[in-house]
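Notes follow once the structure below has been shown.
All values below were derived from every heavy atom in this structure, side-chain atoms included, with hydrogens, water molecules and symmetry-related copies excluded. Numbers restart at 1 for each chain; the letters A, B, ... are given by sequence-line order, proteins then strands.
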Amino acid sequence: MFFQADSYPVDMDILPAFRSTSLTVACAPHAAREPVSQLAAALALRGPLTILDGGNRFQPYRVAHLLRQKTVDVNAAAKRIFIQRAFTCYQMLALLENTPALRQPYIILDLLATFYDDHVPAHEARRLLELCLMQVERLSQSAPVLITLAPPITPERGFLVDTVCARASQILLPEIPAQAETQLPLFTSSLSLSTCH
Amino acid sequence: MAPLTGWLIDLYPNETDLALWLLADSGERLLLRMDFPITFYAAGDFSALRQAWRFLRDKGVILARETRRDLFTGERTVLAATVPRPASLPELFAELSAAFPALDYYDADVPLPLRFAARTGGGLLGRCRIDATGNRVAAIEALDSPWELDPQPIPLRVLELSPDVDPALRPPGRLRVKYGRVDYTISLEPFQSFEIALHATIHQFDPDLILSDYGDTWLLPRLTFNPNRDPAKDVLSRKAESYFAYGQVVYRGSQVYLFGRWHIDRKNAMLFGEYGLEGVLEQARVTGLGVQEMARKSPGAGITAMQMLTALRTGVLVPVVKQQAESAKTLDELIRADKGGMIYQPLIGVHEHVAQIDFASMYPSIMVNFNISPEKKGPALSGATIGSEVEGLIPQTLRPLLEKRLALKRRLAELDPRDCRAKSLKARAAALKWLLVVCFGYLGYKNARFGKIESHEAVTSISRELLLQAKETAEELGFTVLHMYIDCLFVQKPGCEQAADFSPLLAAIEQQTGIPIALEGVYRWVAFLPSKRDKRIPVPNRYFGVFLDGEIKYRGIELRRHDTPPFVAKVQLAVLQCLAGAKTLAQVQDYIPKAREIVEHSNRELRAGRVPLEDLVITQRLSRDVNAYKFPSPAARAARQWIDAGKSVAPGQVMRFVFTRGKPGVWAAGVGELDERTVDVGRYIRLSESAAGTIWGALIELIKMVTDGFHL
């Protein structure tokens, strides 16, 4: 499954979907980092949440800015967001294995970024991803989990996206902007030419 | 047989054991052999380890159960597998890790020279004494250390080979051959005769080092004879590759390694232009990696090797993959911790009698002085604990490197610049500097075996604090701080015009921070430039100025950019040199007409076709696959021409081209002949005038601001 990297999902509102299901996968350019910032700020107002960042996508200043728009007690909200970053797929697996299953939401940002690294053989990436997904399943039994994915750098790693999406309760894709309706011309060019004549 | 003494110049595995090449004091180049069993380790689930044991026991491997130390998790029970033949390790490890991927592996991919250095105490390029029976080594003893300031120079035989033209531009016709006092050229046609002549030269001169231009990518892959000193080995060729590093796609050309002698391609060697052969040898000596490896790899590979060596020597396991992830931080903790170095925006304008003072190797000094290492937890990483704990792996690795570089710098400062030793000392200090520069980045680098992001953050946190302390110290002594950038300060005080006037400040900062600080120089005048888009906004680290001795320094202008064509860079440099003639700021305006004449003269030369083609060539890197460009850049258009000419192009590859009139607007170097009448002269003139304008335009405006009393 592939998705277009051309459009940026500014209208992607994840929060309504995130409430109802246990494992949500959002596939979008830039791993939906702007919608995730919005979501993180909204969730932090309600309680603690954990963000596991696989692609260094998390925007701390943006989230702080959004929190400031929503509450006067920014510090309290900021202390409810727990962030951990992984820079290799081995670290991502270690992060997931060491994350306790609590009753608080989890956002796994750009899960596959480190798996796209061409220094990691495809079979090794597949093996590690399967292990990661087992951990994700463990976490999703106690709390909602959102995984965001960015498009693969090369088509050869597209199978990783398919593997993650196959486990999802629901998949969110950015809305493709509808083509603006255009009014048909009253006259065709040939007709107008002939009229001129 | 009497013990042999000399320098170890090469080692590699062969079918049964280890081959060593000794450049003996007698002048002989001796091939010796040595038994060298090597051990790697596996750890993890016991049932999986038992299966791995069964998997290995029939493969001629000696197996044992041991307890070893993982840097992060402490003592671990491991399966130790000792392989009698070093050459068989890569294949065996590949089989084992494919069969048991869930196990943690250690010491399985450590380069052989590092294992050798850890076990014998000596290493490549070091002097050693060898007891041998026939050609078999019985014992080996190191006679010097990589940290000696004056290692005995190795009497290398160097053969230099360079074609008369860059093969990417057009097929070379002749090859220049240089060794000792001999210097001649050989015709490349007919190729068979050329090969016979070159083979005879190599055979007769028997060089230890073949120092080539384009040897990796052009000359050596074409040779049909074996240029190795060890005839039993074939040359080792590594294919070109593109990879993603430091936020960009990097292309590495193909490489050709020799056995028994070295081959360095100056055009394919990382940073060779920066520090030359002396620097490469210095890096190889202190990192323990071979000369051929170190010349082609980044300094980061050198730092990794040094860390591995420290780990091997202190009994710490070297993991094949790093697994330690970042500890959880709250949002406010992340915002506080995840920052870089301190920058204090410059005061836009031209300033007279400004001193630039730099912390010497600030980040490595912090890592050593504050004991910053990834295995340290809590107070040490916040910088509160100084030297109270056992020294961590990283400070242990860096301390001798840092001390050696500072000692070399001190010695250099004492030498007369005309002293014949100065050039070599400078190159060696520069080579060590590059290792120290990258050691900080490697603390946070994803693939660093012994890195951790918290250590990286701790270093920048301490650096910010120290720079602020330096600023406060300067201000207490009456100095104005004009600009601060990571590890350097630009300060000014009425009456302080000579180097000695700033000595009390240096002493005060050093006492306050505990980090050595040195005077880079005192500027007659220095210009801090504003943003091109908005003249009210200062730009950090974008300046040019002239030191008291007339030396020019510039940062962030066209001259520093890799994609500035030499013609434009030369014009800008000439303008700057012309203006540097002004002893005072007031005199600068008198030099501007002469600077304008320089530009006009260059433009006339260009219009008349008297500028060499090489000076018009622009060098740009392809940031992605050619087909992935929506709006092809000039480099992409040049790449397209290459592809159309049947040549292959990879992301990260550097394209060289000349701007031409009409479509496609560029001529890719190496694709046919350029019709010089099509060169886009107007574009080059615009570029050179813009570059010259960066200098004089800014100066005129800034001087006007100063004389009008306008202050930003």
Side-chain angles (χ1 to χ4, degrees), chain A residues 5-6 37 40-41 44 48-56 58-67 74-100 113-114 116-121 123-128 130-131 153-154, chain B residues 44-45 70 72-73 94 97-105 109 241-245 247 249-250 319-339 374 441-449 451-454 456-457 623-625 627-628 630 650-652:
Chain A
D6 297 332
S37 296
L49 80 147
T50 299
I51 296 173
L52 306 178
D53 185 357
N56 213 4
F58 184 66
Q59 307 177 94
Y61 291 98
R62 176 71 181 138
V63 174
H65 181 74
L66 290 166
L67 282 175
V74 177
N75 282 342
K79 284 186 190 336
R80 289 196 286 265
I81 301 178
F82 295 90
I83 305 128
Q84 280 180 282
R85 291 170 293 181
F87 300 94
T88 68
C89 43
Y90 297 96
Q91 284 184 334
M92 178 50 88
L93 177 58
L95 267 190
L96 285 163
E97 284 175 341
N98 296 324
T99 301
T114 57
Y116 295 151
D117 181 351
D118 52 11
H119 287 102
V120 181
H123 63 86
E124 181 71 347
R126 186 192 296 273
R127 181 185 75 83
L128 292 168
E130 288 293 344
L131 295 172
I153 298 165
T154 55
Chain B
D45 177 63
D70 178 295
F72 297 99
T73 59
S97 56
F100 303 95
L103 291 176
D104 299 333
Y105 293 98
D109 59 350
E241 61 168 345
S242 300
Y243 57 96
F244 194 75
V249 180
V250 179
V320 172
V321 293
K322 184 172 73 171
Q323 296 185 354
Q324 281 65 37
E326 184 182 28
S327 311
K329 290 187 181 80
T330 60
L331 177 62
D332 54 333
E333 286 169 343
L334 179 67
I335 287 175
R336 271 202 301 273
D338 194 20
K339 289 177 179 166
Y442 261 61
L443 268 185
Y445 176 51
K446 62 177 186 174
N447 288 328
R449 310 296 173 98
K452 204 172 181 200
I453 194 78
E454 283 88 347
H456 189 85
E457 290 167 348
S623 61
R624 65 198 79 169
D625 189 85
N627 297 320
K630 279 185 188 168

Pick one of side chain, backbone, both or neither for [X], based on which atoms fall under 4.5 Å of a heavy atom in chain A.
{"X": "B/Leu334", "result": "side chain"}
{"X": "B/Ala98", "result": "neither"}
{"X": "B/Gln324", "result": "backbone"}

Residue pair [X] / [Y]: nearest heavy atoms and the distance that separates them:
{"X": "A/Lys79", "Y": "B/Asp332", "result": "NZ-OD2, 2.7 Å"}
{"X": "B/Thr330", "Y": "A/Ile83", "result": "C-CD1, 4.1 Å"}
{"X": "A/Ala64", "Y": "B/Ile335", "result": "CB-CD1, 4.0 Å"}
{"X": "A/Arg85", "Y": "B/Asp338", "result": "NH1-OD2, 3.0 Å"}

Go through the atoms of [X] and report whether side chain, backbone, both or neither lie under 4.5 Å from a heavy atom of chain B.
{"X": "A/Ala40", "answer": "neither"}
{"X": "A/Asp117", "answer": "side chain"}
{"X": "A/Leu52", "answer": "neither"}

Query raised in the report: When rounded to the nearest 0.5 angstrom, what distance separates NZ in B/Lys446 from OH in A/Tyr90?
Result: 12.0 Å

Report summary line: Rounding to 0.5 Å, atoms CG (A/Leu95) and OG (B/Ser327) come to a distance of 9.5 Å

Report task. Say whether, by atom type as modelled, one donor and one acceptor occur between the side chain of A/Gln84 and the main chain of B/Glu326 under 3.5 angstrom. Result -> yes

Requested in this report: Answer whether the closest heavy-atom distance between the side chains of A/Thr88 and B/Val321 falls below 4.5 Å.
Outcome: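 Side chain of A/Thr88 against side chain of B/Val321, heavy atoms only: no contact under 4.5 Å found.
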
